[in-house]
Amino acid sequence: MTEYKQLTAGGSPDGMFTAGPISESDFFAWEALICGPKDTPFEGGVFAAKLTFPPDYPLSPFKMKFDPPLFHPNIYPDGSVCISILHSPGEDPLMYEQASERWSPVQSVEKVLLSVISMLAEPNLESGANIDCCKLYRDNYVEYEQIVRDSIEQQLGL
């Protein structure tokens with residue numbers, strides 16, 4: 001509830017996103033609308049994501065899922081976001097991420113959404129969620145960019 005008040009009072013930097021509960025009767029289910037970052041294939045798009053908070057939030061991170069899914073190296077084909085800041089706190093069992101990169105209770109919805117916007121602009125190909133997308137991004141960026149732009153036009157009904 002405190003985070004929601006902070007988000008609505010201050011707004012987001014540059015109007016890049018908005019977020020809040022879908023219903024006042026359930027503060028564990030939020031929706032976020034994220035503007036595609038400038039100078040990326042996502043520019044001009046507005047993307048909806050569901051944020052699902054666990055009962056022990058903020059001790060555990062929320063889940064984030066784009067609906068409809070985005071074609072992006074760090075987004076699973078079902079729309080679920082794969083980003084370090086949303087991984088459970090503590091040491092990474094795969095020894096890829098440092099504990100400081102993972103979730104901690106001092107993180108916030110705003111920090112996560114800003115990290116996701118940054119991720120849209122600069123994917124982490126070393127930690128891909130959509131392997132086919134990673135391969136295309138690396139091997140044929142022009143085709144990747146066209147697929148993203150076409151999907152945005154389709155979502156916008158253009």
Side-chain angles (χ1 to χ4, degrees), residues 3 7 12-20 22 28-54 57-58 60-158:
E3 281 192 73
L7 279 173
S12 71
D14 297 328
M16 289 295 296
F17 66 84
T18 185
I22 295 170
F28 291 103
W30 286 30
E31 181 174 63
L33 295 175
I34 297 175
C35 295
K38 291 181 182 177
D39 301 322
T40 74
F42 296 95
E43 183 175 9
V46 178
F47 310 102
K50 302 284 189 242
L51 311 180
T52 307
F53 294 83
Y57 180 82
S60 295
F62 57 89
K63 303 285 185 214
M64 182 172 181
K65 185 175 185 177
F66 282 100
D67 185 22
L70 300 183
F71 187 67
H72 185 277
N74 304 118
I75 299 174
Y76 288 98
D78 74 350
S80 298
V81 175
C82 179
I83 190 169
S84 299
I85 197 171
L86 286 178
H87 293 165
S88 296
E91 296 298 321
D92 179 5
L94 301 175
M95 312 256 314
Y96 175 74
E97 301 166 337
Q98 297 177 13
S100 62
E101 297 173 314
R102 297 166 70 90
W103 179 260
S104 77
V106 300
Q107 303 295 2
S108 65
V109 171
E110 178 180 23
K111 287 179 186 175
V112 170
L113 294 179
L114 289 172
S115 294
V116 169
I117 290 167
S118 177
M119 177 196 79
L120 290 177
E122 297 178 25
N124 178 357
L125 299 179
E126 300 297 318
S127 180
N130 183 332
I131 302 305
D132 292 335
C133 184
C134 284
K135 185 173 177 2
L136 185 62
Y137 186 97
R138 190 173 26 248
D139 297 343
N140 190 345
Y141 183 79
V142 172
E143 185 179 346
Y144 161 81
E145 186 175 46
Q146 190 60 51
I147 289 171
V148 171
R149 291 189 191 281
D150 289 348
S151 70
I152 291 169
E153 288 180 8
Q154 184 179 6
Q155 286 179 21
L156 295 173
L158 300 175

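For the atom pair CD (E31) and CD1 (I22), the distance works out to 5.5 Å, reported to the nearest 0.5 Å. Here the CD atom belonging to E145 is positioned 10.5 Å from the CG atom belonging to D150, to the nearest 0.5 angstrom. Expressed to the nearest 0.5 Å, how far CZ of R102 lies from CG of L86 amounts to 11.0 Å. Taking CD of E101 as the reference point, atom CD1 of I83 lies at 10.5 Å (rounded to 0.5 Å). Within the model, atoms NZ of K50 and OG of S80 stand 13.0 Å from one another, a figure rounded to the nearest 0.5 Å. Rounding to the nearest 0.5 Å places SG of C35 at 7.5 Å from CD1 of I117.
Applying the ring-ring contact (aromatic ring centres under 6.0 Å, His included) rule to F66 yields no partners; only residues at least two apart in sequence or on another chain are considered. The side chain to side chain contact (heavy atoms under 4.5 Å, CB included) test applied to P69 returns no partner, not counting sequence neighbours. With sequence neighbours left out, F47 forms a ring-ring contact (aromatic ring centres under 6.0 Å, His included) with F42. The side chain to side chain contact (heavy atoms under 4.5 Å, CB included) test applied to F28 returns D26, F53, not counting sequence neighbours. For N140, the side chain to side chain contact (heavy atoms under 4.5 Å, CB included) test picks out L136, V142, E143, with sequence neighbours left out.
Looking at heavy atoms from C-beta onward, E110 lies in side-chain contact with F17 at the 4.5 angstrom threshold. For the pair T40/L120, no side-chain contact is recorded, criterion being any heavy-atom separation below 4.5 Å from C-beta on. Looking at heavy atoms from C-beta onward, I34 lies in side-chain contact with L113 at the 4.5 angstrom threshold. Taking the side chain as every heavy atom from C-beta outward, P41 and F71 never approach each other to under 4.5 Å. Using a 4.5 Å heavy-atom threshold, the side chains of M64 and I85 count as separate. A 4.5 Å side-chain heavy-atom check between P61 and Q107 finds every atom pair outside the cut-off.
When all heavy atoms are compared, the tightest approach of S60 to P54 is O-CG, 3.7 Å. In plain terms, the two heavy atoms of S151 and V148 that are nearest each other are OG-O, 2.7 Å. The two residues Y76 and C82 come nearest to each other via the heavy atoms CE1-CB, 3.7 Å. Smallest separation of non-hydrogen atoms from E43 and I152: O-CD1, 4.5 Å. Looking at every heavy atom in both residues, G128 comes nearest to N74 through CA-ND2, 4.1 Å. Smallest separation of non-hydrogen atoms from S108 and Y57: CA-OH, 4.4 Å.
Classification of the Y144-Y141 ring pair by plane angle, with boundaries at 30° and 60°, yields tilted.
Not one N or O on the side chain of S127 forms a donor-acceptor pair closer than 3.5 Å with the backbone of N124. A side-chain donor-acceptor contact under 3.5 Å links H72 to the backbone of M119. Although no hydrogens or angles enter the test, the distance criterion places a donor-acceptor pair under 3.5 Å between the side chain of W103 and the main chain of P58. Side-chain N or O atoms of S115 include one that pairs as donor or acceptor with a backbone N or O of K111 at under 3.5 Å. Here the side chain of D67 pairs no donor or acceptor atom with the backbone of A48 at under 3.5 angstrom.
Among pairs with a residue in residues 104-136, none fulfils ring pair (Phe, Tyr, Trp, His ring centres under 6.0 Å), at least two apart in sequence or across chains.
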